[in-house]
Amino acid sequence: NLQSGDISNRRVVYRLEQDESIPDGQCIDSEGKLWVACYNGGRVLRIDPETGKRLQTVKLPVSKTTSCCFGGKDYSDLYVTSASKRMDQESLQREPLAGGIFKVTGLGVKGLPPHSFMG
């Protein structure tokens, strides 16, 4: 509810597959679709919140994807953060880019400009 701030009409939008692991940071694109970084899943999913269907999967060279947002001149680049904390040496050797930030281009969708907090 925009006036009261109350949450209502709660529902499950999408049930993650086992290999998609844990939902973490999220953002919305200009078409109203939800992008979800999958911690320990090594990917970002694009989900239609109306139908509950996974529309797109962006796999990354790291397992611990933590968040995502759109940026760039026209908000057509997806930036994805990742973690390396609590990874042992063997895991870090397998994933030398863990903890990095990734720029994904060519997705065919755009994000929304940010809203400034006024209070």
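Positions are given from 1 along the sequence.
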S.K.: Any chance you could pull the hydrophobic cluster mates of Ile7, using side-chain heavy atoms under 4.5 angstrom and chaining through other members?
M.R.: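 Members besides Ile7: none; it forms no cluster.
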S.K.: Are there over 12 heavy-atom neighbours, none belonging to Lys33, within less than 6.0 Å of that residue's NZ?
M.R.: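 Counting other residues, nucleotides and ligands, NZ of Lys33 exceeds 12 neighbours.
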S.K.: Without swapping roles, check the side chain of Ser30 against the backbone of Lys110 for a donor-acceptor pair under 3.5 Å.
M.R.: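 Between the backbone of Lys110 and the side chain of Ser30 there is a qualifying donor-acceptor contact (under 3.5 Å).
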S.K.: Which pair of heavy atoms, one from Gly25 and one from Ser67, lies closest together, and at what distance?
M.R.: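 Where Gly25 meets Ser67 most closely, the heavy atoms are CA-OG, 3.6 Å.
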S.K.: Only one of Val36, Leu107, Leu34, Val109 passes side-chain contact (heavy atoms from CB on, under 4.5 Å) with Arg46; say which it is.
M.R.: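 The side-chain contact (heavy atoms from CB on, under 4.5 Å) with Arg46 is passed solely by Val109 among Val36, Leu107, Leu34, Val109.
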S.K.: What's the spacing between Gln18 CD and Leu16 CG if we round to 0.5 Å?
M.R.: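 Nearest 0.5 Å value for the CD-CG distance: 11.0 Å.
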S.K.: Determine whether the side chains of Thr66 and Thr81 contain a donor N or O and an acceptor N or O closer than 3.5 Å.
M.R.: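 There is such a pair between these side chains.
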S.K.: Mind checking who shares a hydrophobic cluster with Leu92, ILVMFWY linked at side-chain heavy-atom distances under 4.5 Å?
M.R.: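 Besides Leu92, the hydrophobic cluster comprises Met87, listed by chain and residue number.
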S.K.: Would you say the side chain of Leu60 lies within less than 4.5 Å of the side chain of Ser82, judging by non-hydrogen atoms?
M.R.: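 The answer is no; the side chains never approach within 4.5 Å.
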S.K.: Restricting to non-hydrogen atoms, name the atom on Cys27 and the atom on Cys69 that form the minimum distance, rounded to 0.1 Å.
M.R.: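 Between these two residues, the closest heavy atoms are SG-CA, 3.9 Å.
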S.K.: Strictly by ring-ring contact (aromatic ring centres under 6.0 Å, His included), give each pair with a member in residues 4-27 just once, sequence neighbours left out.
M.R.: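 Listed once each, the pairs would be none.
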S.K.: Does the pair Leu112 and Tyr75 meet the rule for a side-chain contact (heavy atoms from CB on, under 4.5 Å), with working shown?
M.R.: CA-CA 7 Å; Leu112 299 167; Tyr75 301 100; over 6 Å; no
S.K.: Taking Asp77's backbone N and O only, do any of them form a donor-acceptor pair with Thr105's side chain (distance below 3.5 Å, no angle check)?
M.R.: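 Side chain of Thr105 to backbone of Asp77: no pair is present.
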S.K.: Give a yes-or-no answer on whether the side chains of Ser8 and Asp6 include a donor-acceptor pair shorter than 3.5 Å.
M.R.: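 Note: Ser8 and Asp6 side chains miss the donor-acceptor criterion.
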S.K.: Answer yes or no: are there more than 12 heavy-atom neighbours, outside Arg11 itself, under 6.0 Å from its atom CZ?
M.R.: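 For Arg11, atom CZ is crowded (more than 12 foreign heavy atoms under 6.0 Å).
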S.K.: To check you understand the geometry: which heavy-atom pair defines the closest contact between Cys38 and Thr65, and what is its length?
M.R.: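 Result for this residue pair: O-OG1, 2.7 Å.
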S.K.: How would you list, by chain and number, every residue that makes a side-chain hydrogen bond (donor to acceptor under 3.5 Å, both in side chains) with Ser63, sequence neighbours excluded?
M.R.: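 side-chain hydrogen bond (donor to acceptor under 3.5 Å, both in side chains) list for Ser63, sorted by chain: Glu95.
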S.K.: Does any pair with a residue in residues 52-64 pass salt bridge (Lys or Arg N to Asp or Glu O under 4.0 Å), and if so which ones, sequence neighbours excluded?
M.R.: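 Residue pairs passing salt bridge (Lys or Arg N to Asp or Glu O under 4.0 Å), neighbours aside: Glu20-Arg54.
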S.K.: Taking a hydrophobic cluster as the set of Ile, Leu, Val, Met, Phe, Trp and Tyr residues connected by side-chain heavy atoms closer than 4.5 Å, whether directly or through intermediates, do Phe70 and Val104 fall within one such cluster?
M.R.: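 Yes, one cluster joins them.
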S.K.: How about Trp35 and Leu45: do any of their side-chain heavy atoms sit closer than 4.5 Å?
M.R.: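 SC-SC contact between Trp35 and Leu45 ruled out.
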S.K.: When clusters are formed from ILVMFWY side-chain contacts under 4.5 Å, directly or step by step, what else is grouped with Ile22?
M.R.: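 Via sub-4.5 Å side-chain contacts, Ile22 links to Tyr39.
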S.K.: Give the minimum heavy-atom separation between Ser21 and Gly41, together with the two atoms involved.
M.R.: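 The pair with the smallest heavy-atom distance is CB-N, 3.8 Å.
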S.K.: Any idea which heavy atoms bring Val13 and Pro49 closest together, and the distance?
M.R.: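 Closest approach of Val13 to Pro49: CG1-CA, 3.4 Å.
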S.K.: More than 12 heavy atoms of other residues, nucleotides or ligands under 6.0 Å from CD1 of Ile101: yes or no?
M.R.: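 Not more than 12 within 6.0 Å, no.
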S.K.: Identify the heavy atoms of Cys68 and Val44 that sit nearest to each other, and give their distance.
M.R.: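 Cys68 and Val44 have their closest heavy atoms at SG-CG1, 4.1 Å.
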